[in-house]
Amino acid sequence: MAKEVINIDAIARDLASANNITIKLAKTLVKNTLGIIADNLDVDKEVYLKDFGVFKVSARKCQVPNTTKVITANVISFKAFKNIKAKVK
């Protein structure tokens with residue numbers, strides 16, 4: 001059985017329906033919000049969304065396979081808050 005995928009269009013439809021706005025405006029708002037989050041992800045920043053969670057960028061050291069070379073890679077992580085975790089259970 002395939003997993004259901006929720007994309008930007010589905011989120012925009014729900015947002016438009018809940019707020020009595022057009023789907024086009026809702027899609028623009030969703031894309032702009034996600035863009036702002038992405039633009040603010042940096043090693044020295046956290047994106048804190050109250051009642052949702054925190055996005056962080058961490059620098060991790062990684063060894064290149066079959067070599068002794070070690071590089072630093074930035075990794076995005078997300079920590080959900082308790083109320084979001086409770087909805088998943």
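Because only heavy atoms are used, hydrogens play no part in the values below, and waters and symmetry mates are left out as well, while side chains stay in. Since the model is a prediction, treat every value here as computed from it, not as a measurement.
Under the 4.5 Å side-chain heavy-atom criterion for ILVMFWY residues, no single connected hydrophobic cluster contains both Val43 and Val54. Hydrophobic clustering places Phe78 together with Ile37 (ILVMFWY residues linked when any side-chain heavy atoms are closer than 4.5 Å, directly or through intermediates). Cluster annotation: Leu49 and Ile84 are assigned to the same hydrophobic cluster (Ile/Leu/Val/Met/Phe/Trp/Tyr, side-chain heavy-atom contacts under 4.5 Å, transitive). Two different hydrophobic clusters hold Tyr48 and Ile76 under the rule that ILVMFWY side chains link at heavy-atom gaps under 4.5 Å.
Between Gln63 and Thr68, the shortest heavy-atom contact is NE2-CA, 3.9 Å. The shortest non-hydrogen separation linking Thr72 to Ala59 is CG2-CB, 3.8 Å. Contact detail for Ala12 and Ala26: the closest heavy-atom pair is O-CB, 3.2 Å. In terms of heavy atoms, Glu4 sits closest to Ile6 at OE2-CD1, 3.5 Å.
Asp42 meets the side chain to side chain donor-acceptor pair (under 3.5 Å) test with no other residue; sequence neighbours excluded.
For residues 9-35, the set of pairs meeting the ring pair (Phe, Tyr, Trp, His ring centres under 6.0 Å) definition, not counting sequence neighbours, is empty.
Without hydrogens or angle criteria, Thr28 side chain to Lys24 main chain gives a donor-acceptor distance under 3.5 Å. Judged purely by atom type and a 3.5 angstrom limit, Asn83 uses its side chain to pair as donor or acceptor with the backbone of Asp51.
Atoms CD1 and NZ, from Ile11 and Lys31 in turn, are 12.0 Å apart once rounded to the nearest 0.5 Å. Atom CD1 of Ile8 and atom OG1 of Thr33 lie 10.5 Å apart (nearest 0.5 Å). With rounding to the nearest 0.5 Å, the separation of CG in Asp9 from CD1 in Ile23 is 9.0 Å.
Residue Val57 is tested with Leu41, Asn40, Asp44 for a side chain to side chain contact (heavy atoms under 4.5 Å, CB included); the sole match is Leu41.
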